[in-house]
2 protein chains.
Amino acid sequence: MSILDIATQAGVSPATVSRVFNLPDLVNEQTRQLVLEVAREYGYRPNASARTLRTQRSRVIGVVLPTLTNPVFAECLQGITQATAAHGYAIMPATTEYKIESEIEAVAQLQAFGVDGVLLVVSDAATSQAVARLREQGTPYVLVYNRHPDHPCVSVEGEIAVRDLVHHLAQLGHSDIAMVCGQLKASDRAQQRYAGFVAGMKKARLKPATLIEVPFVETAIENISLVLSSSHRPTALICSNDLLAVRAIRAAHQCGLRVPQDVSVTGFDGIQLGRDLTPTLSTIAQPNGDMGREGVQLLITAIESNSMPASTDSITLDHEFYRGESCAQAPINDCANS
Amino acid sequence: MSILDIATQAGVSPATVSRVFNLPDLVNEQTRQLVLEVAREYGYRPNASARTLRTQRSRVIGVVLPTLTNPVFAECLQGITQATAAHGYAIMPATTEYKIESEIEAVAQLQAFGVDGVLLVVSDAATSQAVARLREQGTPYVLVYNRHPDHPCVSVEGEIAVRDLVHHLAQLGHSDIAMVCGQLKASDRAQQRYAGFVAGMKKARLKPATLIEVPFVETAIENISLVLSSSHRPTALICSNDLLAVRAIRAAHQCGLRVPQDVSVTGFDGIQLGRDLTPTLSTIAQPNGDMGREGVQLLITAIESNSMPASTDSITLDHEFYRGESCAQAPINDCANS
DNA sequence: GTGAAAGCGCTAACAT
DNA sequence: ATGTTAGCGCTTTCAC
């Protein structure tokens, strides 16, 4: 069923049928009803490829994410899905599994499929080849979660958030605080969060910050356990994301420590599931759905005005420390220690 | 950069350029190298819409899921993504948020975007209008997680799995076992799992099975707490999915009960995160990534042979009961009770 | 092994 | 308010 068939059946020209679907106001009420009727009868729906070929617009947005297995990105994609659907756009996601070389590959694939723009979460905005390619080729893009002055980004102030969290923990009597991260060099976000940790520790005049860098998620629990079973263990663990926090809690448990009585654990991301865990997860919550939605807004606005989102369009959303049960006052004896 | 530009630059016809990309064997080695060279130089990539318009194949697969917020579907989508990418296909996901009327809407949207086929998880395969539409219109589709004799499905034997689980719990000394589900009428999977529960209880000659039906996730914890604080509370809770199991553990905690010493909790799905929780989640694990991958395989095979997947192509994958820390022997006193 | 040409279904400029 | 028509970029038959 092509537009020509419908036109013939309705006794009008293909142009009129096209107008009924794209510029209905230009068509006489009666004619429009007639066309709509015929179209419905034959179950006609305009062919997207033909429209795209003609208009050079696919109404599809590409999305590049590290993984869907981390709920933070799944929640974000959920937001993206809602916002795009509301605008009549569809999405085409691709995941990199945190492999940096997959980023450029994913972008190339999406471009090959003719997406109008791309939303992405990259390992490191400053050095990303994927982002460079997008920019060179004039494909509209917006970074989400990444935060960099040269690119259009939707992000939260990760550095400030962690700095303030250190302050909060210090107030709870913690002086021995360690940070748990993935590989720092593989993530600009982790670096920013770590910078906030260092700044916060310095400001609180606490002793040089311990960093537990976890190279692979598989060994996270072991890595953390090692530190928790040392003679002078930290009383609080600031994890750079919620999944690490979950593993930190497990590590504590394996070391015979109770959370939060013996050790406090905080995460970063605010995944929904954290609210239902036992203990509930303390975390620096980001509005994950909104991050996606705002990114879509930025991107579609640019696409429809035939321009590229600018770094000056960047949006910073509010974060919020959610104090769950995994975080409490420092244990008394440790207070005595310090 | 169109195929014509490349052809002109290389001094060949557009047909030859097309062959270089689609039927390279038909092209003289030298000519091919030349064209490839020119194409690379200009960063040429064939236009997907034009190809789709001409061939009537988009190489895009639509995916309809309830939500991405439940890791079970995120993991499945991950598998789908990998398999499609390996075949040179892209995916276009849409979520229904468990709203049954969104299913048909999502399908219509995907069809409008010209997907070659659809992978879906629906509320109820038997009555789904979305599935009916797909079938009527001759759009290839495969159901995932749903299990129904009239449709091509990739699923596990949910009923048998739960039946066997009841047996396992009975062996552990549990006689007072309750099942926790979402709204039964809204999910054929939950119904099947419940049927397995009833069958298992009967076979184990245990007293009529208690069902805790949780209408809304928001109130799940309250609903479960109510039962756990009753005078003759169950010693084991079989939850129809892992997210409910997490909430059941929380409910137990709020009732002052320890898991698993006072009450055992099991889930269904095998989400990866469950392995890192404390206690680790006991669950009937499905191979979520593989479910997606198998669905893709079935679908693409059909698409490329110009046919529709048949109900006889349905695949049943193996499930496995993962015994985590959330499940243990029934408490002694309760054994005495029974 | 390569080229010429038709046409996939649509939109938009132009004409009436 | 509606019609005519060219052409988006590609693949594929048919011819050579």
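Labels below follow one simple rule: chain letters A, B, ... track the order of the sequence lines, proteins then strands, and each chain is numbered from 1.
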**Report entry** Whichever of B:Val27 and B:Thr55 has its nearest DNA chain C nucleotide further upstream toward 5'
**Finding:**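 Closest to the 5' end, via its nearest nucleotide, is B:Val27.
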Could you tell me the separation between the [atom1] atom of [X] and the [atom2] atom of [N], rounded to a whole number of Å?
X       : N      : atom1 : atom2 : result
B:Arg54 : D:dC10 : CZ    : P     : 13 Å
A:Asn22 : C:dA13 : CG    : P     : 13 Å
B:Asp5  : D:dG9  : CG    : P     : 8 Å
A:Ile3  : C:dG7  : CD1   : P     : 19 Å
B:Leu23 : D:dC10 : CG    : P     : 15 Å
B:Gln56 : C:dG9  : CD    : C1'   : 9 Å
A:Leu4  : C:dC8  : CG    : P     : 9 Å
A:Gln33 : D:dA1  : CD    : C1'   : 16 Å

**Report entry** Non-hydrogen side-chain atoms of B:Glu294 and B:Leu317 separated by less than 4.5 Å
**Finding:**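 B:Glu294 vs B:Leu317: side chains touch.
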Query - Proximity to DNA chain D (any heavy atom under 4.0 Å), residues of residues 41-53 of chain A only - result: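 Within residues 41-53 of chain A, the residues near DNA chain D are A:Leu53.
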Requested in this report: Please name all residues satisfying side chain to side chain donor-acceptor pair (under 3.5 Å) with A:Tyr89, sequence neighbours left out, ordered by chain then number.
Outcome: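 Listed in chain order: A:Glu304.
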Between the protein and nucleotides 14-16 of chain D, list every N/O to N/O distance that falls short of 3.5 Å.
none

Can a donor-acceptor pair be found between the side chains of [X] and [Y] at a distance below 3.5 Å?
X        : Y        : value
B:Glu105 : B:Gln109 : no
B:Glu97  : B:Thr95  : yes
B:Thr139 : B:Gln111 : yes
A:Asn288 : A:Arg293 : no
A:Asn22  : A:Ser18  : yes

Query raised in the report: Between B:Asp188 and B:Ala125, what is the shortest heavy-atom contact and its length?
Result: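 Closest pair (atom of B:Asp188, atom of B:Ala125, distance): OD2-N, 2.9 Å.
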Query raised in the report: Can you name the nearest heavy-atom pair linking A:Arg147 to A:Ser155, along with the distance?
Result: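 The pair with the smallest heavy-atom distance is NH1-OG, 2.9 Å.
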**Report entry** Residue A:Asn28, side-chain heavy atoms: nucleotide from C:dG9, D:dC10, D:dA1 that is nearest
**Finding:**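 It is D:dA1.
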Query raised in the report: Of the nucleotides C:dA12, D:dT2, C:dG3, which one has an atom closest to the side chain of A:Ala15?
Result: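 It is C:dA12.
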Query raised in the report: Under 4.0 Å between a side-chain N or O of A:Thr16 and OP1 or OP2 of D:dG3?
Result: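 True: A:Thr16 side-chain N/O within range (under 4.0 Å) of D:dG3 OP1/OP2.
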Query raised in the report: Does B:Ser2 make a side-chain N or O approach to OP1 or OP2 of D:dC8 shorter than 4.0 Å?
Result: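 Answer no for this pair, as no side-chain N or O of B:Ser2 is under 4.0 Å from OP1 or OP2.
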